[in-house]
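The model shown is predicted, which means the values in this text are computed figures rather than measured ones.
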Amino acid sequence: MKKFLALLLAAVMVFSMAACGSKTEEEIPASEGDLTPAELPASNGDLTPDDEGYVRGDFKIAALKGPTAMGLAKMIDDAAKGEPQDNDYTFQLAGSADEVTPLLIKGELDMACVPANLAAVLNVKTEGQLQVLAINTLGVIYIVDTDGSIKSVDDLKGKTVVASGQGSTPEYGLRYILSENGIDPDQDLDIQWKSEHAECVAALKTGAATVAMLPQPFVTVAGNQIEGLNIALDLTEEWEALENGSSMITGVIVARKEVATEYRDAVNAFLKEYESSVAFVNGNVDEAAAIIGGLDIVAEAVAKKAIPYCNIVCITRDEMENRLSGYYDALFAQNPASVGGSVPGEEFYYK
């Protein structure tokens, strides 16, 4: 177990708060300590029926600071205030996935908001002992420019684009959209890969670049620093325009399969409360931003501007499976290791 966790911890350290990174199968080596289904710990949920027979869940839930946690903000705030909820929740906010993944694997968490491709990789490593409950964030990646020259994907031809996330989902998403629009990512434009989002912002500020690919909330941060910065393309919208039934997806909510299968009523109640929390965040931006800032998920001023562009959602059941499976197919076609070496089967999706 210790050997497995050490390897897994090292493997997931590349994930950022924006959940824009990717993890490949090569980066998570096999280990004699790999967990098998029989070794997975029992649920943490202390579930007891109330007077009407409903079994309340006592769920421990983690999320990464950034867009993937924003949808939970109202639920977290209500729990902190002691407001009535259908389950008992303990929330943990983390700066990166390496804080969350070992706890999920060891059974110290019941659910977690994680990058979509990491969910697939971890499902392979735990031999199918995770289920995805919902898509919680669609794409948060944008093409921005400082000269207004980009109006369509076709306008990227001949351009130099600075970007971060090479070898991970941002690159795969960009290459997929370019290819589907008849643009050769290797020949028709010059993509200059940087190690961090901040380097892309710096290149825009100094004039070394005029076009960049950035995720939220870095787009908002950059807009506060660079006069005349334009959001030229929303890659989520460009993916949807392909009309292939899938979506660009950043984050999902996963649960240990034992929790998802044994405590369905409580899990369904959680999803209804999460859906309401998402609706609150999207419909009450000022109040939600204040809560998000107070929880240190994202600074209030940044959240206020970024929420409308973060594509915070609660997509479940058949629509979740259709969109997510298509996204996994697209990632697998470019790099099978990005989803753990195989596309998850139907049993991965909670219905």
Query - For P67 against C310, the heavy-atom pair lying closest together - result: CG-SG, 4.0 Å
Query raised in the report: In this structure, are over 12 heavy atoms from other groups packed under 6.0 Å from F280 atom CZ?
Result: yes
Query raised in the report: Yes or no on side-chain contact (heavy atoms from CB on, under 4.5 Å) for L214 and Y142, after CA distance, side-chain angles and deciding distance?
Result: CA-CA 5 Å; L214 287 171; Y142 293 81; 5.9 Å; no
Report task. Quick one: do R256 and E262 satisfy salt bridge (Lys or Arg N to Asp or Glu O under 4.0 Å)? Show the steps, please. Result -> CA-CA 10 Å; R256 290 188 295 110; E262 293 188 19; over 6 Å; no
Query raised in the report: Angle class for the W239/Y327 ring planes (parallel below 30°, perpendicular above 60°, tilted otherwise)?
Result: tilted
Query raised in the report: Would a distance-only check, ignoring hydrogens and angles, find a side-chain to backbone donor-acceptor pair under 3.5 Å from Y328 to A116?
Result: yes
Query raised in the report: Taking all atoms of both residues into account, what is the closest heavy-atom pair of T137 and V313, and its distance?
Result: N-CG2, 3.9 Å
Query raised in the report: Do you know which two heavy atoms are closest between L235 and I143, and how far apart they sit?
Result: CD2-CG1, 3.9 Å
Report task. Mind listing the closest non-hydrogen atom pair of L133 and A260 along with its distance? Result -> CD2-CB, 4.4 Å
Query raised in the report: Quick check: does any side chain N or O of D234 sit under 3.5 Å from a backbone N or O of T236, one acting as donor and the other as acceptor?
Result: yes
Query - E275 atom CD: more than 12 heavy-atom contacts under 6.0 Å - result: no
Requested in this report: May I have the step-by-step check of side-chain contact (heavy atoms from CB on, under 4.5 Å) for M213 and L174, ending in yes or no?
Outcome: CA-CA 9 Å; M213 180 174 72; L174 177 61; 3.8 Å; yes
Query - Shortest non-hydrogen contact between V219 and L229, atoms and distance - result: O-CD2, 4.1 Å
Report task. With sequence neighbours excluded, give me every side chain to side chain donor-acceptor pair (under 3.5 Å) pair touching residues 279-306. Result -> K65-D296, N224-K305
Query raised in the report: With side chains defined as the heavy atoms from C-beta onward, is the minimum distance between V201 and H197 less than 4.5 Å?
Result: no
Report task. Spell out, as yes or no, whether a donor-acceptor pair under 3.5 Å connects the side chain of R56 to the backbone of D86. Result -> yes
Report task. Check I307 against A289 and note the closest heavy-atom contact, atom names and distance. Result -> CD1-N, 4.1 Å
**Report entry** Steps toward side chain to side chain donor-acceptor pair (under 3.5 Å) verdict (T126, K257)
**Finding:** CA-CA 10 Å; T126 60; K257 192 172 184 179; over 6 Å; no
Query - Test item: D155 side-chain N/O and S152 main-chain N/O as donor-acceptor pair under 3.5 Å - result: yes
Query raised in the report: Ignoring hydrogens and geometry, is there a side-chain-to-backbone donor-acceptor pair from Q131 to E347 under 3.5 Å?
Result: yes
Report task. Over 60° means perpendicular and under 30° means parallel, so classify the ring planes of Y274 and F270, tilted if in between. Result -> parallel
**Report entry** side chain to side chain donor-acceptor pair (under 3.5 Å) partners of residues 74-85, not counting sequence neighbours, each pair once
**Finding:** K74-D78, D77-K81
